[in-house]
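First listed ligand is number 1; within each ligand, the first listed atom is number 1.
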Amino acid sequence: MAANWKMYKTPAETKTFFENFLPLVKDAKHCEIAVCAPFVDLPAAIDAAAGSNVAIGGQNLYWAKEGAFTGEISGPMLKTLGCEWVIVGHSERRQYFGETDETVLKRTKAAIEAGLKVIVCVGELLAEREAGETEAVLEKQYAGGIAGLSAEEKAQIVIAYEPVWAIGTGKTATPEMAADAHRVIRKMAGADMRILYGGSVKPDNVTALMAQEEIDGALVGGASLDPVSFSKIVNF
Ligand code: 13P
């Protein structure tokens, strides 16, 4: 169960979140929990979550280890700070920041080399779904962004299926639609791959989504910003 805070919260708000959140999930033994926070909040998050059952992650990284890349953050930087996870290829990065399947693969390989586990995001646009292209889009994103990983590298990732039209819109894919897309991904990724669903996951729809055998977890945006709401999702 992973939180993607996107561009929300200050370090002080991060500290307050964890003070409230950790007691609510301390008995959750059924899942791994990760909170992916903005870069500037990571030290506060790592400090607050130390010794708990909650891991911390970044939301992006650059593929070089270091160098003249103004404004970028590397895998080794996240790892030495204490991150365990990083999100790669979120649709917002694909839509607004030029992320492609090719750069998804580069970032994912660099993250794994740095010792991070990766949440690799895929998902179709509304126009693509309406044109009946969902399966083709997922196959293309997998072929370009994930298939180039070795078996050892694949063991270090989870895939998040996030239909773009369901992100931040309040429109969730029905559990059946999500499961259909997960089956397409699983055919390529294999039985051992953990596949998360993301897109308007809330406390009141998480149980139906998680009841689908194909859905192994959730990547949660808006509803992860509130500690009570995210704890309800974790403890579905
Ligand atoms: P929402 O849960 O706000 O729809 O965001 C989903 C998402 O993009 C998680 O990465």
Side-chain angles (χ1 to χ4, degrees), residues 1-9 13-14 17 21 31-39 41-42 45 54-61 78 83-97 99 101 103-104 107-108 111 116-126 128-129 134 137-138 141 145-146 157-175 177-179 181-182 185 194-210 212 215-236:
M1 291 303 209
N4 173 11
W5 280 0
K6 310 194 178 184
M7 197 173 72
Y8 291 98
K9 292 194 192 292
E13 289 165 348
T14 299
F17 174 93
F21 179 65
C31 66
E32 284 182 57
I33 308 169
V35 173
C36 298
F39 291 134
D41 296 329
L42 291 173
V54 179
I56 304 302
Q59 299 173 7
N60 184 33
L61 79 160
L78 293 175
C83 286
E84 286 182 47
W85 289 93
V86 64
I87 297 171
V88 169
H90 192 277
S91 65
E92 286 148 17
R93 300 226 52 96
R94 293 178 190 255
Q95 276 183 286
Y96 308 131
F97 302 102
E99 187 85 84
D101 296 332
T103 58
V104 166
R107 286 184 219 280
T108 301
L116 296 162
K117 292 177 287 184
V118 186
I119 301 171
V120 184
C121 302
V122 296
E124 80 287 359
L125 304 167
L126 181 59
E128 292 167 337
R129 175 161 284 269
T134 299
V137 168
L138 296 174
Q141 291 175 337
I146 299 173
I157 73 166
V158 307
I159 298 175
Y161 168 63
E162 299 206 312
V164 178
W165 48 272
I167 294 177
T169 57
K171 278 190 214 158
T172 336
T174 64
M177 282 159 88
H182 282 217
I185 296 166
R194 288 184 291 176
I195 307 176
L196 315 181
Y197 169 78
S200 297
V201 177
K202 309 287 176 206
D204 65 4
N205 62 22
V206 65
T207 308
L209 287 162
M210 291 304 295
Q212 293 287 333
I215 301 182
D216 300 315
L219 179 57
V220 187
S224 75
L225 295 169
D226 175 69
V228 173
S229 150
F230 188 46
S231 76
K232 284 184 181 161
I233 291 172
V234 167
N235 295 320
F236 70 95

A.B. asks: Ignoring angles and geometry beyond distance, decide whether Gly198 reaches within less than 3.5 Å of ligand 1 through its nitrogen or oxygen atoms.
C.D. replies: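 There is no such contact.
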
A.B. asks: Are any of the N/O atoms on Gly222, whether in the backbone or the side chain, positioned under 3.5 angstrom from an N/O atom of ligand 1?
C.D. replies: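 There is such a contact, yes.
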
A.B. asks: Would you call Arg94 and Glu162 a salt bridge, using N to O less than 4.0 angstrom?
C.D. replies: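 Judged by the 4.0 Å cut-off on N to carboxylate O distance, Arg94 and Glu162 do not form a salt bridge.
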
A.B. asks: So, for Cys83 and Leu116, which heavy atoms are closest and what is the spacing to 0.1 Å?
C.D. replies: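 Shortest heavy-atom separation between Cys83 and Leu116 comes out as O-CD2, 3.4 Å.
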
A.B. asks: Give the atom numbers and elements of ligand 1 that come within less than 4.0 Å of a heavy atom of Leu219.
C.D. replies: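 In order of numbering, the contacting atoms are 9 (C), 10 (O).
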
A.B. asks: Taking only non-hydrogen atoms of Lys6, do any sit less than 4.0 angstrom from ligand 1?
C.D. replies: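 Yes, Lys6 has heavy atoms under 4.0 Å from ligand 1.
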
A.B. asks: Considering only heavy atoms of Ser200, which atoms of ligand 1 have at least one such atom less than 4.0 Å away?
C.D. replies: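 This gives 1 (P), 2 (O), 4 (O) as the contact atoms.
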
A.B. asks: Need the ligand 1 atom indices (1-based, order shown) with element for anything under 4.0 Å from a heavy-atom of Gly199.
C.D. replies: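 Ligand 1 atoms under the 4.0 Å threshold to Gly199: 4 (O), 6 (C).
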
A.B. asks: Could you establish whether Ala166 and ligand 1 come within less than 4.0 Å of each other, counting only heavy atoms on the residue side?
C.D. replies: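 Yes.
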
A.B. asks: Would you please classify the geometry between the His182 ring and the Tyr161 ring as parallel, tilted or perpendicular, with 30° and 60° separating the classes?
C.D. replies: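 Ring orientation of Tyr161 relative to His182: perpendicular.
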
A.B. asks: What closest approach, in Å, do Leu225 and Phe17 show between heavy atoms, and which atom pair accounts for it?
C.D. replies: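 Residues Leu225 and Phe17, closest heavy atoms: O-CD1, 3.6 Å.
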
A.B. asks: Who gets closest to atom 7 (C) of ligand 1 by heavy atom: Glu162, Gln59, Glu92, Lys171?
C.D. replies: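 The nearest heavy atom belongs to Glu162.
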
A.B. asks: I need the Ile146 CD1 to Ile159 CD1 distance, nearest 0.5 Å.
C.D. replies: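 One finds 4.0 Å between CD1 of Ile146 and CD1 of Ile159.
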
A.B. asks: Are any of the N/O atoms in His90 less than 3.5 Å from those in ligand 1?
C.D. replies: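 Yes; at least one N/O pair falls below 3.5 Å.
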
A.B. asks: Kindly give the heavy-atom pair with the smallest separation between Cys121 and Ile87, and that separation in Å.
C.D. replies: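 Shortest heavy-atom separation between Cys121 and Ile87 comes out as SG-CG2, 3.7 Å.
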
A.B. asks: If you measure every N or O of Gly168 against every N or O of ligand 1, does any of those distances drop under 3.5 Å?
C.D. replies: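 Yes, Gly168 has an N/O under 3.5 Å of an N/O on ligand 1.
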
A.B. asks: Do the side chain of Asp216 and the main chain of Ile195 share a donor and acceptor less than 3.5 angstrom apart?
C.D. replies: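 Between the backbone of Ile195 and the side chain of Asp216 there is a qualifying donor-acceptor contact (under 3.5 Å).
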
A.B. asks: Does Phe39 CZ have over 12 foreign heavy atoms under 6.0 Å away?
C.D. replies: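 Correct, the count exceeds 12.
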
A.B. asks: Number the atoms of ligand 1 from 1 as they appear, then name those within less than 4.0 Å of a heavy atom of Gly221, with their elements.
C.D. replies: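 Close to Gly221: 1 (P), 2 (O), 3 (O), 5 (O), 6 (C), 9 (C).
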
A.B. asks: With a 6.0 Å cut-off (strictly less than), is the heavy-atom count around NZ of Lys117, excluding the residue itself, greater than 12?
C.D. replies: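 Above 12, so yes.
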
A.B. asks: With a heavy-atom distance limit of 4.0 Å, tell me whether Asn4 approaches ligand 1 through its side chain, its backbone, both, or neither.
C.D. replies: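 The side chain, only.
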
A.B. asks: Report the part of Ala160 (side chain from C-beta onward, or backbone N, CA, C, O) that has a heavy atom under 4.0 Å from ligand 1; answer both or neither where that applies.
C.D. replies: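 For Ala160, no heavy atom sits under 4.0 Å from ligand 1.
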
